[in-house]
Chemist: 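Following this message is one structure expressed as structure tokens.
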Amino acid sequence: MASTNGETDQVLVEERSCGRIFILNRPKQLNALSAVMVSRLLELFLSCAEDSSVKFIIVKGKGRAFCAGGDVAAVVYDINRGNWKSGAEYFRKEFTLNYVIATYIKPQVSILNGIVMGGGAGVSVHGRFRIATEKSLFAMPETALGLFPDIGASYFLSRLPGFFGEYVGLTGARLDGAEMLACGLATHFVQSESLPLLEEALVKAATSDPMVISSVIEGFSNAPNLKKNSAYHRLDVINKCFSRRTVEDIIQALERVSADKKDDWISSTIQSLKKASPMSLKISLRSIREGRLQGIGKCLVREFRMVCHVMLGEVSKDFVEGCRAILVDKDRNPKWAPSKLESISDKMVDRYFSKVDDADWEDLKLPVNFRLPAYAIAKL
């Protein structure tokens with residue numbers, strides 16, 4: 001049964017036996033997460049957690065995207081009107097949703113058949129099962145927008161093999177379904193034409209047992225081959241360069257490799273880093289490195305502080321400028337300030353990781369009594 005309320009139509013709900021299917025329904029906006037969608041998803045996840053008749057949840061997108069990210073254009077609109085706190089409430093609720101998904105007692109199956117970026121990763125990667133297809137396209141493009149990989153990305157990127165997470169998070173590199181499976185962002189790979197049959201099989205299985213659900217999905221899965229030019233084939237170079245202590249060191253290491261061997265991939269990687277916001281690169285690297293030693297809850301609390309400082313713009317207004325250049329004017333020529341990595345001091349970076357100095361502001365408070373499955377305890 002699909003919801004009929006005008007606002008909740010942005011998330012459709014189908015009741016299928018003991019399963020619930022949540023369908024992100026803003027296809028013209030590539031299912032970008034609006035404030036309404038975030039609120040609705042949080043409400044649905046919490047209500048299904050208490051409903052003993054619901055055994056599992058499927059999340060998918062309508063159209064050619066799963067979800068292209070959070071609706072940051074709306075957040076920047078509010079910032080430009082002097083209302084950064086509206087954006088803070090959007091991120092507060094979104095990060096709470098990410099935490100609920102990461103610690104959810106019932107299995108979630110995310111069908112990533114299309115574009116998965118930013119906030120779209122937040123409502124899927126934290127879940128138990130993530131199904132990529134030949135149409136999947138994953139990216140965390142935040143550094144090109146003057147932001148940083150948020151939604152708990154410092155948790156899951158830091159746990160990818162070697163330093164692949166630093167590479168993906170800093171460069172905004174695009175990964176296909178085979179690469180998502182290889183690095184662990186996806187748990188399974190299924191051809192898109194098999195998805196309707198897979199959904200029917202999950203509904204028929206009518207179980208919350210992760211082992212049974214995994215077995216059902218595996219019955220439709222196959223092992224795709226990585227493309228010859230896949231970045232994942234270059235994990236040795238990525239580990240050598242992206243393990244360096246600073247962004248400057250990473251770029252220098254890549255340039256040294258490039259001097260020894262002409263490689264289009266290395267050249268484009270260097271270019272991606274040099275085009276990104278210097279401030280975003282600095283805070284993103286530190287965030288991912290801190291995420292290696294923190295659980296999902298602590299990562300989200302820290303990222304909430306960071307995103308509030310980004311919106312406040314006391315150190316840099318790159319987020320507003322990046323959205324102008326990429327999303328509004330689309331001239332793709334942002335004027336970053338500071339414009340150079342070497343102009344950014346440790347003290348400037350530290351500011352993003354501190355509490356916000358505002359009487360009405362408070363840290364992110366995550367649900368304390370939320371029931372945790374055994375596999376989620378390690379995430380805390």
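Note that the structure is a prediction, hence the values are computed from the model and not measured.
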Chemist: Say whether, by atom type as modelled, one donor and one acceptor occur between the side chain of S39 and the main chain of V36 under 3.5 angstrom.
Modeler: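 No, S39 side chain to V36 backbone: no donor-acceptor pair under 3.5 Å.
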Chemist: Are E14 and R20 within salt-bridge range, i.e. N to O under 4.0 Å?
Modeler: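 Salt bridge between E14 and R20, a charged N being under 4.0 Å from a carboxylate O: no.
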Chemist: Does R245 make a cation-pi contact with F163 (under 6.0 Å, within 45 degrees of the axis)?
Modeler: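 No cation-pi geometry.
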Chemist: Would you sort out whether E134 and S136 count as a side-chain hydrogen bond (donor to acceptor under 3.5 Å, both in side chains), showing the intermediate values?
Modeler: CA-CA 6 Å; E134 79 282 0; S136 297; over 6 Å; no
Chemist: Using a cut-off of 6.0 Å, state whether more than 12 heavy atoms not belonging to D236 lie near its atom CG.
Modeler: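 For D236, atom CG is crowded (more than 12 foreign heavy atoms under 6.0 Å).
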Chemist: Report yes or no: does S258 contribute a side-chain atom to a donor-acceptor pair with the main-chain N or O of L254 at less than 3.5 Å?
Modeler: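 It does not hold such a pair.
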Chemist: Hey, is D78 close enough to K85 for a salt bridge, meaning N to O under 4.0 Å?
Modeler: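 No salt bridge links D78 with K85.
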Chemist: Do other residues, nucleotides or ligands put more than 12 heavy atoms under 6.0 Å from K365 NZ?
Modeler: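 Yes, because the 6.0 Å sphere around NZ of K365 holds more than 12 heavy atoms from other groups.
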Chemist: What's the verdict on side chain to side chain contact (heavy atoms under 4.5 Å, CB included) for I111 and V59, showing C-alpha distance, side-chain angles and the deciding distance?
Modeler: CA-CA 6 Å; I111 298 177; V59 183; over 6 Å; no
Chemist: For a 4.5 angstrom cut-off between non-hydrogen side-chain atoms, does L341 reach I251?
Modeler: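 They are in side-chain contact.
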Chemist: So, for P107 and S208, which heavy atoms are closest and what is the spacing to 0.1 Å?
Modeler: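 Closest approach of P107 to S208: CG-O, 3.2 Å.
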Chemist: Could you go step by step and tell me if T207 and D209 meet the side-chain hydrogen bond (donor to acceptor under 3.5 Å, both in side chains) rule?
Modeler: CA-CA 5 Å; T207 182; D209 185 337; 5.1 Å; no
Chemist: Would you say K335 and N333 make side-chain contact, with heavy atoms under 4.5 Å?
Modeler: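 Yes, their side chains come closer than 4.5 Å.
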Chemist: Please determine whether a side-chain nitrogen of the Lys or Arg among E179 and R174 lies less than 4.0 Å from a carboxylate oxygen of the Asp or Glu.
Modeler: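 Salt bridge absent between E179 and R174.
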Chemist: To the nearest 0.5 Å, what is the distance between NZ (K274) and OG1 (T171)?
Modeler: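 Interatomic distance, K274 NZ to T171 OG1, rounded to 0.5 Å: 15.0 Å.
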Chemist: Are I115 and L33 joined in one hydrophobic group, where the rule is that I, L, V, M, F, W and Y side chains link up if heavy atoms are under 4.5 Å apart?
Modeler: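 As far as the 4.5 Å side-chain criterion goes, L33 and I115 are not connected within one cluster.
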Chemist: Just how far is it from atom CE of M140 to atom CD1 of I288, taken to the nearest 0.5 Å?
Modeler: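 If I round to the nearest 0.5 Å, the distance is 8.5 Å.
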Chemist: Is there side-chain contact between R92 and E89, with at least one heavy-atom pair below 4.5 Å?
Modeler: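 The answer is yes, as the side chains (C-beta and beyond) meet within the 4.5 Å cut-off.
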Chemist: Can you see which heavy atom on P210 is nearest to which on F129, and at what distance?
Modeler: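 Closest approach of P210 to F129, heavy atoms only: O-CZ, 3.4 Å.
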Chemist: With a sphere of 6.0 Å drawn around OH of Y77, does it hold more than 12 non-hydrogen atoms of other residues, nucleotides or ligands?
Modeler: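 Count not over threshold, so no.
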Chemist: Start with the C-alpha gap between E200 and R16, add the side-chain angles, then the distance that decides, and say whether side chain to side chain contact (heavy atoms under 4.5 Å, CB included) holds.
Modeler: CA-CA 9 Å; E200 289 302 323; R16 302 284 300 278; 2.4 Å; yes
Chemist: Is any side-chain heavy atom of I23 closer than 4.5 Å to a side-chain heavy atom of V11?
Modeler: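 Not in contact.
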Chemist: In this structure, would I266 and F242 fall into the same cluster of hydrophobic residues linked by side-chain contacts under 4.5 Å?
Modeler: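 Yes, I266 and F242 fall within the same hydrophobic cluster.
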Chemist: Using only atom types and a distance under 3.5 Å, with no angle test, would you say the side chain of T143 pairs donor to acceptor with the backbone of L170?
Modeler: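 At least one qualifying donor-acceptor pair exists.
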Chemist: Counting N and O atoms only, with roles assigned by atom type, does the side chain of T103 sit under 3.5 Å from a partner on the main chain of Y99, one being a donor and the other an acceptor?
Modeler: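 Present.
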Chemist: With distance as the sole criterion, is a donor-acceptor pair present between the side chains of E218 and S214 under 3.5 Å?
Modeler: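 S214 and E218 do have a side-chain donor-acceptor pair below 3.5 Å.
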Chemist: Does the ring of Y155 carry R159 above it, NZ/CZ under 6.0 angstrom from centre and within 45° of its axis?
Modeler: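 Yes, R159 sits over the ring of Y155.
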Chemist: Does K106 reach the side chain of V54, with side-chain heavy atoms less than 4.5 Å apart?
Modeler: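 Yes, at least one pair of side-chain atoms sits under 4.5 Å.
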Chemist: Do NZ/NE/NH1/NH2 and the carboxylate oxygens of E362 and K355 come within less than 4.0 Å?
Modeler: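 Salt bridge flag = no for K355 with E362.
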Chemist: Would a distance-only check, ignoring hydrogens and angles, find a side-chain to backbone donor-acceptor pair under 3.5 Å from R130 to H126?
Modeler: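 The answer is no, because no donor-acceptor pair under 3.5 Å joins these two groups.
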Chemist: Are there over 12 heavy-atom neighbours, none belonging to D260, within less than 6.0 Å of that residue's CG?
Modeler: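 Yes - once you tally the heavy atoms of other residues, nucleotides and ligands closer than 6.0 Å, there are more than 12.
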Chemist: Do R26 side-chain atoms and A32 backbone N/O form a donor-acceptor pair below 3.5 Å?
Modeler: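 Such a contact is found between R26 side chain and A32 backbone.
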Chemist: Taking all non-hydrogen atoms of both residues into account, name the closest pair between C183 and P161 and its distance.
Modeler: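 Residues C183 and P161, closest heavy atoms: O-CD, 3.2 Å.
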Chemist: Do Q29 and D71 have side chains that approach each other closer than 4.5 Å (heavy atoms only, starting at C-beta)?
Modeler: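 Counting from C-beta outward, Q29 and D71 never come under 4.5 Å.
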Chemist: The test is side-chain hydrogen bond (donor to acceptor under 3.5 Å, both in side chains); show your working for T133 and N113 and say whether it passes.
Modeler: CA-CA 6 Å; T133 76; N113 187 38; 2.6 Å; yes
Chemist: Applying side-chain hydrogen bond (donor to acceptor under 3.5 Å, both in side chains), run through D249 and T246 and close with a yes or a no.
Modeler: CA-CA 5 Å; D249 291 344; T246 68; 3.1 Å; yes
Chemist: Looking at G146, is its backbone amide N or carbonyl O close enough to the side chain of S280 to form a donor-acceptor pair, meaning the two atoms are under 3.5 Å apart?
Modeler: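 Pair found, side chain donor or acceptor close to backbone of G146.
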Chemist: Find the distance between CD (E248) and CG (L281) and round it off to the nearest 0.5 Å.
Modeler: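 Nearest 0.5 Å value for the CD-CG distance: 9.5 Å.
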Chemist: May I ask you to check whether Y104 and F45 place their ring centres under 6.0 Å from each other?
Modeler: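 Distance test on ring centres: under 6.0 Å, yes.
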Chemist: Take Y167 and W265 through the ring-ring contact (aromatic ring centres under 6.0 Å, His included) test and state the conclusion after the steps.
Modeler: CA-CA 12 Å; Y167 161 70; W265 173 80; 5.6 Å; yes
Chemist: Got a second to check how far I250's CD1 is from T269's OG1, nearest 0.5 Å?
Modeler: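 Going from CD1 on I250 over to OG1 on T269, the span is 11.5 Å.
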Chemist: Measuring only between side-chain heavy atoms, which start at C-beta, is E166 closer than 4.5 Å to L157?
Modeler: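 Result no, sub-4.5 Å side-chain heavy-atom pair not found.
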Chemist: Determine yes or no for a side-chain-to-main-chain donor-acceptor pair under 3.5 angstrom, with Q10 supplying the side chain and L24 the backbone.
Modeler: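 Checking the backbone N and O of L24 against the side chain of Q10, no donor-acceptor pair under 3.5 Å is found.
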Chemist: I need the single residue from L30, N31, L112 that forms a side-chain contact (heavy atoms from CB on, under 4.5 Å) with F66. Which is it?
Modeler: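 Testing F66 for a side-chain contact (heavy atoms from CB on, under 4.5 Å) against L30, N31, L112 leaves exactly one candidate, L112.
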Chemist: Just checking, R286 and F353: is the charged tip under 6.0 Å from the six-membered ring centre and within 45° of the axis?
Modeler: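 The answer is yes, since R286 meets both limits relative to F353.
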Chemist: Any side-chain to backbone donor/acceptor pair from H309 onto S354? Under 3.5 Å, distance only.
Modeler: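 Judged by distance alone, yes, a pair lies under 3.5 Å.
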Chemist: Starting from F319, can I reach I344 by hopping between I/L/V/M/F/W/Y residues whose side chains sit under 4.5 Å apart?
Modeler: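 Same cluster: I344 reaches F319 through Ile, Leu, Val, Met, Phe, Trp or Tyr contacts under 4.5 Å.
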Chemist: Within the structure provided, determine whether C18 and S53 are in side-chain contact (heavy-atom separation under 4.5 Å).
Modeler: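 Not touching, per the 4.5 Å side-chain cut-off.
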Chemist: Evaluate F304 against F91 for ring-ring contact (aromatic ring centres under 6.0 Å, His included), listing each step before the verdict.
Modeler: CA-CA 7 Å; F304 182 68; F91 285 110; 7.9 Å; no
Chemist: Which heavy atom of E142 sits nearest a heavy atom of G118, and at what distance?
Modeler: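 For E142 and G118, the tightest heavy-atom pair comes out as OE2-CA, 3.3 Å.
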Chemist: To the nearest 0.5 Å, tell me how far E94 CD sits from E303 CD.
Modeler: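 Nearest 0.5 Å value for the CD-CD distance: 10.0 Å.
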Chemist: Quick check on side-chain hydrogen bond (donor to acceptor under 3.5 Å, both in side chains): which of R302, E290, K298 does S154 satisfy it with?
Modeler: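 Per the side-chain hydrogen bond (donor to acceptor under 3.5 Å, both in side chains) rule, the option paired with S154 is R302, out of R302, E290, K298.
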Chemist: If hydrophobic clusters are built by linking Ile, Leu, Val, Met, Phe, Trp and Tyr wherever their side-chain heavy atoms come under 4.5 Å apart, do L273 and F164 end up in the same one?
Modeler: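 Shared cluster, yes.
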Chemist: Should L175 and F189 be counted in the same cluster of Ile, Leu, Val, Met, Phe, Trp and Tyr side chains packed under 4.5 Å apart?
Modeler: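 Not linked; separate clusters.
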Chemist: How far does CE of M279 sit from OG of S343, to the nearest 0.5 angstrom?
Modeler: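 That separation rounds to 9.5 Å.
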Chemist: Kindly say whether V75 contributes a backbone atom to a donor-acceptor pair with the side chain of W84 at under 3.5 angstrom?
Modeler: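 No; zero donor-acceptor contacts below 3.5 Å.
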